[in-house]
Structure formats: structure tokens, C-alpha cells
Colleague: 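I have a structure I would like to understand better, so I am pasting it below and will then ask my questions one at a time.
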Amino acid sequence: MSLSDKELKEIAYLARINIDKKDFPALKAELDQILNLFDKLNSADTDKVEAMSHPLNLSQPTRKDVVTEPDQRSKLQASAPLVKSGLFIVPKVIEGEN
Amino acid sequence: MELHELTLKEQLEGLKSSSFTSVELTEHYLKRIKKIDPEINSYITITEDLALSQAKEADTRYNNKNPLDLDGIPIAHKDIFCTENILTTCGSKMLSDFIAPYSSTVVSKFIEKGTVMLGKTNMDEFAMGSSNETSYFGAVKNPWNKEYVPGGSSGGSAACVAAGLAPAATATDTGGSIRQPAALCGLTGIKPTYGRVSRYGMIAFASSLDQGGVLTRSAEDAAILMNVMSGYDPKDSTSLNVEVPDFSQEIGKPISGLKIGIPIELFEQDMPDYVRKNTNEAIDIFKELGAEIKEISFPNIDLSLPVYYVLAPAECSANLSRYDGVRYGYRCEDPKDIEDLYMRTREEGFGSEVKRRILIGTYALSAGFYDAYYLKAQKCRQLIANDFSEAFNSVDVILSPTTPGTSFKAGEKTNDPIEMYLQDIFTIPANLAGLPGISFPCGNHKDLPLGLQLVGNSLEEGKLLMAAHHFQQTTNWHKDMPKV
């Protein structure tokens with residue numbers, strides 16, 4: 001198993017992590033090494049095995065659909081990089097007038 | 001004897017009998033931290049003012065004859081646990097300015113019992129690492145030999161307790177992050193059953209594997225702290241709503257007749273002679289104590305490492321998508337559009353091991369590979385869990401070394417991710433099956449400590465603590481402290 005430049009670029013985009021082109025060879029080598037580790041899984045016979053997604057085979061508890069948390073907008077926004085009038089500010093995402 | 005040489009239990013007795021005050025105890029630790037920690041780097045944040053005010057309050061309660069259960073006991077918290085109004089970094093540049101708006105359930109429980117918070121301990125970035133070299137706040141040194149690593153990811157918690165800079169510390173374990181540093185630093189470390197300790201406010205890495213626990217200097221101390229941490233929490237949907245035994249009582253139960261399983265496949269593997277010799281000596285001690293030793297088989301144990309390195313990165317790639325530079329945490333300078341904001345924030349805010357795991361996880365979950373990797377790994381996870389179920393039909397606990405050897409030199413494994421991942425080969429299976437595990441000191445090699453691991457059946461932390469406690473009644477390895 002070895003990743004192509006195109007594949008690495010695609011994964012990095014899906015993960016929204018910018019990767020410098022010059023780091024591609026070293027990173028690909030490391031990732032290939034990890035992916036090769038996964039070959040071992042093919043040796044296991046899992047035809048009749050159910051996938052285990054969680055260590056506890058319990059059903060998830062539910063609660064009444066009512067508000068339980070108090071409004072703490074300003075406290076929760078205190079750690080945000082950029083806030084204005086109680087809103088998170090990001091670069092413009094909708095085309096149109098300024 | 002100096003105050004930091006006492007165990008947590010002895011300190012509690014000292015406070016109750018007014019041999020010393022919490023302020024004296026706290027000041028003693030703060031002084032040691034200032035003197036010794038600049039070299040060890042076990043703390044990211046020292047909460048001196050808070051600690052002293054909490055200590056004063058504890059002393060007042062002692063004077064008024066109404067102390068809380070752990071009143072005045074200093075403790076350090078891994079920087080993965082959110083602490084209200086206190087910096088909580090998870091060892092990452094991404095959260096290097098993050099002041100948590102609320103406290104994790106674990107921290108709240110410790111505060112309710114009167115403990116004093118000394119500070120927040122260093123860790124591998126987002127708990128990804130086995131040497132504490134991936135922290136944005138610098139590597140942590142092993143107090144036994146400063147050229148060596150303390151293990152990880154709870155390396156700061158382990159180093160601070162080993163160096164006598166806190167009597168105990170909270171920690172977390174996703175694939176061995178409590179037990180491996182416990183082994184490398186000569187401590188007792190317990191990872192409880194998945195769901196025993198609330199994950200509310202514990203920054204997520206791999207949600208189906210993460211579990212909070214403690215690092216202490218004895219099984220007795222671990223039992224005291226497990227009594228505080230354990231229990232149902234409606235704020236964590238995976239928290240187990242089951243009764244919690246009094247672990248301090250559990251450790252006093254007799255060991256005779258305890259059935260200890262030895263996985264034959266594990267001992268057939270290559271391991272250094274000193275590890276094999278030491279483990280066999282530990283087995284002999286358990287025999288003398290009256291335990292029964294039985295060989296068991298773990299046919300699928302070889303699948304553990306690949307299963308873990310598909311599932312943990314897959315879960316981390318989803319969990320860490322929240323770090324987008326919008327709501328909290330680091331944001332890159334002058335983003336030209338929203339894509340650029342995401343891409344550069346995550347490029348600059350995450351370290352290389354975290355990025356590697358996010359990329360692997362993204363790949364394993366991507367269309368076309370989901371069945372071959374993720375689904376296949378989940379099926380193999382079930383096979384490993386079945387091996388455990390089978391084993392617990394005939395034994396109570398399963399014994400192995402905690403790690404493939406003693407600590408290694410800083411820098412030795414940083415360029416080889418697989419070599420680093422192999423550190424957790426003995427600890428990962430318990431996380432995959434959600435089972436409790438404990439590591440405690442069982443010897444040393446060239447002046448570096450070695451750990452022994454016991455894994456128990458679901459919710460049987462009591463048996464693990466009991467066995468470790470009996471072991472510590474006849475051995476002195478856990479009493480050794482490094483000269484710092």
C-alpha cells in the first residue's frame with residue numbers, strides 16, 4: 001500500500017489541513033508505514049463477526065427534550081478568536097454586496 | 001521524613017491528626033515545584049493562588065471539625081480535564097490560550113471532596129504519544145534519569161508524582177496513556193472500566209476508548225481516589241449507571257484463590273530477558289501470596305495494534321474536526337477566505353503526530369476504504385473482546401508486563417512512529433474491550449523502573465487494586481523515589 005500525491009492531497013483537503021508540498025515525501029513514507037500495519041487485519045476471518053462500535057453493549061439513554069443549560073453566550077464566546085455583537089466573525093462566505 | 005515522601009493516605013492521616021496543616025503541605029509542594037520542575041517540565045500551569053486559598057479553606061474546616069473526605073490534599077490534574085476559568089491546553093498550540101468555561105466532572109468531584117489543585121500537568125498533544133515529546137509546551141523528563149522519557153500521554157502527571165511534586169495526579173488512558181507512564185516512572189496507575197469515570201469535560205481523543213483514571217504511589221492511594229472519581233454522570237451518555245463499591249474496602253479482601261491468567265501467545269513473543277525474568281519473579285510472588293496461576297490463550301492478540309491504529313485515528317479525525325478556528329482556540333493570521341481559515345488554522349495549530357493521525361483516520365473513513373479498514377477493524381475488535389470473554393470464564397485477572405521494556409532515551413523513537421506505537425502493545429487490548437487495567441512497579445533494570453499489568457473483567461477494578469495492594473505489602477518497589 002502506498003499513497004499517491006493525489007490521494008494525500010485529497011485526504012488533506014477532506015481533513016482541512018494544509019500541507020506544504022515539500023513535506024509530501026516524508027509524510028507519505030510515514031503514512032505508508034502505518035497503512036502497511038493494517039495489512040494484518042486481512043488475515044482475520046471476520047465473515048460471521050458483528051462490528052463492535054463500542055465497548056458497552058447498552059442502549060443510549062434519552063432525556064426529556066427540554067432546555068437544561070443556562071444562557072452563557074458571553075462566557076462561552078470569551079475564548080473565541082473573533083466576536084462581534086455576540087456573533088462569531090469569519091471571512092465572508094456569501095457572494096454579493098459588501 | 002519530608003512531607004512529599006508520605007503517601008496520600010499518610011498525608012490525609014497527618015491532616016486529620018493536625019500533624020501539619022494543608023497550607024504547610026501545599027506550600028511544601030509549591031516550593032518543590034518551583035525548585036525542581038523547571039528541569040522536569042511536568043506542569044504546564046501552576047495554580048498557586050488557587051491552591052493556597054483552597055488549602056486555607058480546608059484548614060478552616062479542620063479547625064471547625066467538619067472536614068471533607070479528602071480535605072486539604074494537594075493534587076495535580078492532567079491538562080486534558082477542563083478546569084473552569086483556568087488555562088486548559090491539552091498540550092496543543094490549538095488550545096494554548098483556551099480558558100475553560102466549565103469544569104470536567106472529574107475535577108468538580110475532586111473539588112467537592114476538598115482537594116487542593118496544584119496545577120495542570122503536561123501531556124502529549126491531544127493525548128497522542130507515548131513519550132510526552134509531542135507537547136507544544138516541551139518534552140517532559142523522566143525523574144529517574146533526565147535523559148529518558150516519562151512515557152505518555154500522561155507523562156506530566158507521572159513525572160510530577162514520581163518526582164514528589166504532587167502526591168497523586170489525574171490522567172487518561174486511550175491505549176495505555178496511564179499504565180505505560182506509570183510503568184516508566186515507577187508508579188501505580190489505574191485505567192478503570194470504560195464508563196466507570198465520567199468523560200464530561202475531558203477533551204476527547206477517541207471517544208469509544210478514552211477513560212479517566214489516576215497515577216499514585218500505591219494501590220491504597222489509587223483506591224482512595226477511585227472512590228472519588230467513579231460513578232454515574234448524567235452529563236456523559238456513556239457513563240455507567242451502576243453501583244460503585246468502596247475500593248478502600250475492596251483492597252483488604254483476601255488474595256488467596258485469585259485466578260491469574262498468563263496469555264501464552266504473549267510470552268512466546270520476543271522480549272528482553274530482564275522483562276521476562278522480572279515478570280516471572282512477579283508471578284512467583286503472586287503464587288506465594290496464594291494466587292492460582294493459569295495459562296490462557298489469546299489467539300487474536302496480534303490484531304490489537306492494527307485495530308487500534310485504524311479506530312483511534314478514525315475517532316480522532318471526527319473529534320478534532322471541532323478545532324476550526326471559529327468558536328475557540330487558535331486562528332491563523334489574515335485568512336483570505338473561509339477555506340484558507342480552516343486549512344491554515346489546522347496546519348499551524350496541530351503538531352505533526354496529531355496531523356498524522358487525523359490524516360490516517362480521514363483515509364480509513366473515506367469512501368472506498370471504509371469497509372476495508374474501519375468496518376474490518378471493528379469486526380476484529382469484536383474478536384479481541386471475545387478472547388477476553390473466553391479468558392474470564394476461567395480466570396479473574398490477566399497478567400503481563402506493562403511495556404516491552406524500561407524507559408527509552410528522549411529522541412530515540414521520535415522519527416519512527418511504528419516503534420513508538422509498539423510501546424502500547426500490551427496495554428491497547430484492554431482499551432479495545434473497555435476493560436479495567438492497572439500497572440504497578442515490579443522491579444527495575446539499570447536504575448529505571450519496570451511495571452507489571454493486570455487486566456480485569458468489566459467493573460472489577462476492586463480485584464485489580466486488591467491484587468496490587470497485596471503485592472505491595474510484600475514488595476518495596478513502589479516505595480522507591482528518584483533523587484531529583
Side-chain angles (χ1 to χ4, degrees), chain A residues 1 3 7-8 10-20 23 26-28 30-31 33-58 60-63 68-69 72 74-83 88-93, chain B residues 97-99 101 194-195 208-209 234 237-238 240-241 300 302-303 305-307 309-310 317 321 324-331 335-344 346-347 350 355-356 358-360 362-363 366 373 375-383 385 417-418 421 432-435:
Chain A
M1 180 80 229
L3 284 178
E7 281 175 312
L8 179 53
E10 279 169 10
I11 302 165
Y13 178 69
L14 285 172
R16 296 296 189 276
I17 297 176
N18 190 48
I19 296 169
D20 201 315
D23 296 328
L27 186 59
K28 274 199 307 174
E30 286 165 358
L31 296 180
Q33 230 191 326
I34 300 168
L35 293 173
N36 286 333
L37 188 72
F38 300 165
D39 290 346
K40 180 101 204 155
L41 297 176
N42 297 324
S43 68
D45 178 5
T46 53
D47 284 354
K48 296 193 179 95
V49 185
E50 287 251 353
M52 178 178 171
S53 56
H54 207 267
L56 303 173
N57 289 317
L58 298 172
Q60 291 284 294
T62 55
R63 63 166 174 84
T68 56
E69 298 297 311
Q72 307 184 71
S74 54
K75 188 173 186 188
L76 295 171
Q77 287 189 327
S79 279
L82 199 57
V83 169
F88 296 106
I89 304 301
V90 295
K92 195 172 87 167
V93 284
Chain B
D97 293 323
F98 179 64
I99 307 293
Y194 182 85
S208 82
L209 301 158
S237 68
T238 59
L240 283 170
N241 195 352
N300 296 296
D302 278 1
L303 299 173
L305 201 66
V307 167
Y309 277 98
V310 172
S317 73
S321 64
D324 56 4
V326 176
R327 291 154 302 161
Y328 50 86
Y330 175 79
R331 173 186 285 200
K336 68 177 186 330
D337 54 32
I338 190 80
E339 284 288 319
D340 185 46
L341 183 149
Y342 294 147
M343 304 277 292
R344 273 201 298 123
R346 290 163 65 80
E347 175 191 21
F350 291 134
K355 284 191 249 187
R356 205 149 49 210
I358 293 175
L359 292 171
I360 287 288
T362 304
Y363 185 68
S366 63
Y373 290 127
L375 199 63
K376 180 79 182 177
Q378 284 192 322
K379 289 180 177 182
C380 292
R381 181 179 187 177
Q382 186 65 59
L383 291 176
I418 303 291
Y421 296 172
L432 293 175
L435 299 172

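Per chain, numbering begins at 1; letters A, B, ... match sequence-line order.
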Colleague: For the residue pair A/L3 and A/I11, establish whether any side-chain heavy-atom pair is separated by less than 4.5 Å.
Modeller: yes
Colleague: Do A/K28 and A/E7 sit within salt-bridge range, that is, some charged N less than 4.0 Å from a carboxylate O?
Modeller: no
Colleague: Tell me, out of B/I338, B/L209, B/N300, B/D340, who's got the most heavy-atom pairs with chain A below 4.5 Å.
Modeller: B/I338
Colleague: For chain A, which candidate among B/L303, B/N241, B/I358, B/D324 shows the most heavy-atom pairs at distances under 4.5 Å?
Modeller: B/L303
Colleague: Please classify the contact between B/L432 and chain A as side chain, backbone, both or neither, with a heavy-atom cut-off of under 4.5 Å.
Modeller: backbone
Colleague: Please classify the contact between A/L27 and chain B as side chain, backbone, both or neither, with a heavy-atom cut-off of under 4.5 Å.
Modeller: side chain
Colleague: Examine whether an atom of B/S321 lies under 4.5 Å from a heavy atom of chain A, and if so say whether it belongs to the side chain, the backbone or both; otherwise answer neither.
Modeller: neither
Colleague: Side chain from CB out, backbone as N, CA, C, O: work out which of these in A/D23 comes under 4.5 Å of a heavy atom of chain B, or both, or neither.
Modeller: neither
Colleague: Would you mind checking if B/K379 and A/E50 are paired as a salt bridge, meaning a charged N to carboxylate O distance below 4.0 Å?
Modeller: no
Colleague: Who wins among B/L341, B/T238, B/L375 for the most heavy-atom pairs under 4.5 Å with chain A?
Modeller: B/T238
Colleague: For the pair B/Y373 and A/F38, name the ring-plane relationship: parallel under 30°, tilted 30 to 60°, perpendicular over 60°.
Modeller: perpendicular
Colleague: Can you tell me how the ring of B/Y309 sits relative to the ring of B/Y421, calling it parallel under 30°, perpendicular over 60° and tilted otherwise?
Modeller: parallel
Colleague: Below 4.5 Å, heavy-atom pairs only: which of B/F350, B/Y330, B/Y342, B/Y328 has the largest tally toward chain A?
Modeller: B/Y328
